[in-house]
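Just so you know, these numbers use all the heavy atoms, side chains as well, and skip hydrogens, waters and symmetry mates.
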Amino acid sequence: MSSVTDIAHYIHGQVTPSASGRSQPVTNPATGQVTGSVALANVAEVDAAVASAQAAFPKWSDTPPIRRARIMFNFLQLLNEHKDALAHMITAEHGKVFTDAQGEVSRGIDIVEFACGIPQLLKGDFTDQVSTGIDNWTLRQPLGVVAGITPFNFPVMVPAWMFPVAIAAGNTFVLKPSPIDPSPSLFIADLLKIAGLPDGVFNVVQGDKEAVDALLVHPDVKAVSFVGSTPIANYIYESGAHHGKRVQALGGAKNHMVVMPDADVDQVVDALIGAGYGSAGERCMAISVAVLVGDVADKVIPKLLARTKTLKVLNGTNLAAEMGPIVTQAAHARISGYIDLGVQEGAMLLADGRGFDGTQAGEGCGNGFWLGGTLFDHVTPEMRIYKEEIFGPVLACVRVPDFAKALQLINDHEFGNGVACFTRDGNVAREFSRRVQVGMVGINVPIPVPMAWHGFGGWKKSLFGDMHAYGEEGVRFYTKQKSIMQRWPESIGKGAEFVMPTAK
């Protein structure tokens, strides 16, 4: 019998055992085996992490940006040296295949590279002689203690959307990761300390809703970043704003991929298989709806079905794997329930993943949380499997007569996170890009996650708050602008002025 690892907090530069008396198991989803026990913080432990960050803030915020950048460069080097170790942790606790986990870590590293440019990113504007003898300039200063509340599906990449930019900009940070896969957060904390980050600048509190609520009401937490489901994003936004915090809350999605009649069918099938079933569909940018225009459905569906039935669903440690297990037993039950519902609603079930035998996935996998790829055809907008986010390996095909109907279908949906259109027609591509009411758009790109220097965020109920994650908007989110006007005695005219100052 293998040992169970205790997974604690990380406060003021050291692993801190929990005093709350609460914990929950951490499970390898491929085998169903409990591998760890993660602490669940109480209010006092959250307070301790915030107090550490608050104490570290004055000195860290006064540290010149170039010196902060040097520490980020050290961290970048360490991440590159240990990226496979992080990827193995992700596969062990989340279940995604190892190559996908490697890709996740690489996308996180991209953000760290971006944050290394913070001396340039923090430069303000200067205007000489805005009025006689007066100069005006702006600068950006850090907020203070900021918090990140992150989901299970990207335990390295999503925190990396937040803390590298926040820390590089001069803030101190408290991370509350998902208790489902908490180990990478402690590994990251260790690497940051080795890189030279002062104690207290980065802290980790493991936990559940109690820890989240403690962060939302804490007066010293100035901003909160969140990624998760829409109901929780809405709650985070409303509660955080009510308590005077800056909030950036990214919610759920129902991402469509429009397939025009002129699209390359083989490319379309490859795109749908990868974007629909990669990471077992547990991505906020996964394609969950194929919008098949005109007669293209009759060309796409047979090939898509054949490919779905031959998906290599294996333990993520197997390098031949295309899809791993579902993250938890509860998620497995929820996704299976949606498949049941789709059948009841009258959709045509072409491939049913509920019968997948975990023993086929590898040695010791019989008790894991396994589903195969699931494919529905003739799904309609009234069905719940179309309207609601399933967050699993379930792909719904909707048939529409023309481009206008496809566009309307997407724009009528309450979510607006990501979308794709496959076509050879430049005019269709341009019209789609301009008119679709979605935050991230791919033209012949199935998962259009923006690169590190652009920024991530959807529209409608997929984003609560005004600023997207990372990129230059991330810098703006984690800083506040200050405008300074200056003149010196020799240029000041005599006598009091009782009117609004104007340029003279």
Side-chain angles (χ1 to χ4, degrees), residues 7-13 16 18-20 22-24 38-57 60 142-152 154-155 158-167 169-182 184-186 188-189 192 199-251 463-465 467 469 474 477-478 480:
I7 302 165
H9 314 301
Y10 190 94
I11 299 173
H12 204 66
T16 306
S18 178
S20 72
R22 297 193 308 127
S23 64
Q24 77 176 50
V38 61
L40 300 176
N42 58 23
V43 173
E45 289 167 321
V46 173
D47 287 348
V50 175
S52 174
Q54 180 75 358
F57 174 69
W60 181 245
L143 305 176
V145 180
V146 298
I149 301 166
T150 57
F152 71 83
F154 288 100
V158 170
W161 289 358
M162 304 171 185
F163 75 83
V165 175
I167 288 172
N171 301 281
T172 53
F173 200 90
V174 178
L175 173 64
K176 205 299 290 181
S178 169
I180 292 172
D181 41 17
S185 60
L186 296 184
I188 287 168
L192 282 166
D199 293 345
V201 177
F202 181 81
N203 304 272
V204 178
V205 285
Q206 313 287 359
D208 54 8
K209 188 176 186 297
E210 183 173 340
V212 170
D213 287 342
L215 289 168
L216 290 175
V217 303
H218 200 295
D220 290 335
V221 175
K222 303 305 180 186
V224 176
S225 297
F226 170 83
V227 176
S229 69
T230 284
I232 305 303
N234 192 21
Y235 170 77
I236 296 283
Y237 180 71
E238 290 182 351
S239 183
H242 177 75
H243 288 92
K245 305 184 192 315
R246 185 177 289 189
V247 183
Q248 172 190 71
L250 283 67
L463 174 67
F464 297 85
M467 298 182 195
F477 178 78
Y478 289 119
K480 51 195 173 187

The criterion is side-chain contact (heavy atoms from CB on, under 4.5 Å); which residues satisfy it with [X], sequence neighbours excluded?
X	value
E238	N234
S52	I11, H12, N203
P151	N153, V158, V227
A8	V15

Side-chain heavy-atom pair [X], [Y] within 4.5 angstrom cut-off:
X	Y	result
V46	V174	no
V50	L215	yes
V212	K176	yes
V165	F477	no

Q | Heavy-atom closest contact (Q206 atom, H9 atom, distance) | A | N-ND1, 3.0 Å

Q: State, to 0.1 Å, how close K480 and P142 come at their nearest heavy-atom pair, and which atoms those are.
A: CE-O, 3.5 Å

Q. OG1 of T150 to CG of L250: how many Å apart, nearest 0.5 Å?
A.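 Going from the OG1 atom of T150 to the CG atom of L250 covers 12.5 Å.
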
Q) Out of curiosity, F464 CZ to I232 CD1, how far, rounded to the nearest 0.5 Å? A) 11.0 Å

Exercise answer: donor-acceptor pairs, residues 217-224 side-chain atoms, under 3.5 Å, sequence neighbours excluded:
residue	atom	partner	partner atom	Å
H218	ND1	D220	N	3.0
K222	NZ	P219	O	3.3

**Q.** Which residues share a ring-ring contact (aromatic ring centres under 6.0 Å, His included) with Y478, sequence neighbours left out
**A.** none

